[in-house]
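Working notes, structure below.
Values below: every heavy atom of this structure, side chains too, minus hydrogens, waters and symmetry copies. Numbering starts at 1 and runs along the sequence shown. Everything numeric in this text was worked out from a predicted model, so none of it was measured.
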Amino acid sequence: FLFFSIQTFSQQLYNVQRGQRGYVPPPKYEASAYITTLDVYEELNAVLPMCVEAFSLDEFEAQILKGMLLKKFESYNAVVSNTDNSKEARQDQLKQLEIDFVKSLSIILTPDEITTYVDMDFSDKKKENKKQRRKRKKNKNR
């Protein structure tokens with residue numbers, strides 16, 4: 001009896017081991033649950049010049065937009081750093097924050113310019129260039 005019980009435990013009847021047919025790896029954790037805070041002034045330096053150039057804002061309008069962007073990014077960091085709320089609650093707050101910001105843009109911009117702002121892509125072009133260089137290096141090595 002002892003001999004048979006040792007063999008059944010060694011085979012792990014109900015657990016499929018790695019390398020066997022039917023093995024399913026453990027699930028990966030979703031990275032979007034871990035949202036990081038933004039560097040406010042770095043983001044401001046990326047977004048503000050693009051807006052001033054695209055909408056040809058004068059100095060007064062640029063300062064108003066700068067204040068609005070600062071408030072938006074600081075509010076974003078406050079929402080993200082609040083870990084008491086669930087992920088869905090934080091996402092809802094971030095959506096509401098973005099809606100309120102777009103509504104407040106009506107002080108400076110026309111409705112057409114607001115839709116242009118919403119469609120603008122503020123991603124960093126330096127990151128894209130690095131990706132392209134890596135792809136070129138990979139293609140040369142082939």
Side-chain angles (χ1 to χ4, degrees), residues 2 4-142:
L2 182 64
F4 289 115
S5 63
I6 290 173
Q7 287 211 354
T8 57
F9 284 120
S10 67
Q11 290 179 358
Q12 297 180 357
L13 293 176
Y14 298 107
N15 294 334
V16 179
Q17 294 178 346
R18 185 176 179 151
Q20 291 180 340
R21 177 183 247 174
Y23 172 75
V24 179
K28 294 182 179 178
Y29 295 104
E30 187 177 345
S32 65
Y34 306 105
I35 303 172
T36 58
T37 58
L38 299 173
D39 182 13
V40 175
Y41 292 102
E42 185 178 307
E43 290 291 322
L44 182 68
N45 290 336
V47 174
L48 188 63
M50 292 176 70
C51 290
V52 170
E53 181 182 324
F55 305 122
S56 62
L57 301 175
D58 62 358
E59 191 64 32
F60 180 70
E61 291 173 335
Q63 291 301 320
I64 292 173
L65 182 62
K66 180 179 178 180
M68 291 167 57
L69 286 170
L70 278 173
K71 182 180 175 186
K72 174 189 171 189
F73 293 138
E74 289 171 353
S75 300
Y76 176 89
N77 284 343
V79 169
V80 169
S81 63
N82 185 4
T83 57
D84 295 338
N85 295 337
S86 66
K87 177 183 169 186
E88 292 82 19
R90 281 185 277 169
Q91 286 179 344
D92 292 340
Q93 289 176 349
L94 291 176
K95 287 178 186 176
Q96 187 61 40
L97 180 70
E98 187 67 28
I99 291 170
D100 292 342
F101 177 72
V102 170
K103 287 180 182 177
S104 67
L105 281 177
S106 64
I107 298 170
I108 304 172
L109 305 175
T110 64
D112 295 334
E113 292 174 334
I114 291 174
T115 57
T116 306
Y117 174 82
V118 171
D119 295 338
M120 286 176 74
D121 182 26
F122 296 112
S123 63
D124 194 12
K125 292 183 179 179
K126 293 178 185 177
K127 293 179 184 176
E128 294 175 9
N129 290 338
K130 288 182 183 178
K131 288 180 184 176
Q132 289 177 356
R133 289 180 189 160
R134 289 180 190 157
K135 287 181 184 177
R136 289 179 195 156
K137 288 181 184 178
K138 287 180 183 177
N139 289 340
K140 286 182 182 178
N141 292 337
R142 287 185 183 181

Quick one: CD on E61 to CD1 on I107, what's the gap to the nearest 0.5 Å?
11.5 Å
Taking the side chain as everything from C-beta on, heavy atoms only, tell me whether L105 gets closer than 4.5 Å to L65.
yes
Without swapping roles, check the side chain of S56 against the backbone of V52 for a donor-acceptor pair under 3.5 Å.
no
So which heavy atom on M120 is nearest to which on A54, and how close?
CE-CB, 4.2 Å
Could you pull out the closest heavy-atom pair between N82 and R90, with the gap in Å?
O-CD, 3.5 Å
Drop me the distance from K66's NZ to E59's CD, to the nearest 0.5 angstrom.
9.0 Å
Closest heavy-atom pair and its distance - L48, A62:
CD1-O, 3.9 Å
Please round to the nearest 0.5 Å and tell me the distance separating atom OG1 of T115 and atom CG of L109.
10.0 Å
How many angstroms lie between atom CD of E43 and atom CG of N77, to the nearest 0.5 angstrom?
9.0 Å
Point-to-point distance, once rounded to the nearest 0.5 Å, from CD of Q91 to CG of L97
13.5 Å
Minimum heavy-atom separation for S81 to T37, with atom names?
CB-CG2, 4.4 Å
Between the SG atom in C51 and the CG atom in L44, the distance rounded to the nearest 0.5 Å is 9.5 Å
What pairs with E98 under salt bridge (Lys or Arg N to Asp or Glu O under 4.0 Å), at least two apart in sequence or on another chain?
K72
V47 and F73, any side-chain heavy atoms less than 4.5 Å apart:
yes
Give a yes or no answer on whether the side chain of N45 reaches the backbone of Y41 with a donor-acceptor pair at less than 3.5 Å.
yes
Is it true that the side chains of D92 and Q96 contain a donor and an acceptor less than 3.5 Å apart?
no
Aromatic ring proximity, centroids under 6.0 angstrom, Y76 and F101
no
Start with the C-alpha distance between E113 and I108, add both sets of side-chain angles, then the distance that settles side-chain contact (heavy atoms from CB on, under 4.5 Å), and finish with yes or no.
CA-CA 9 Å; E113 292 174 334; I108 304 172; over 6 Å; no
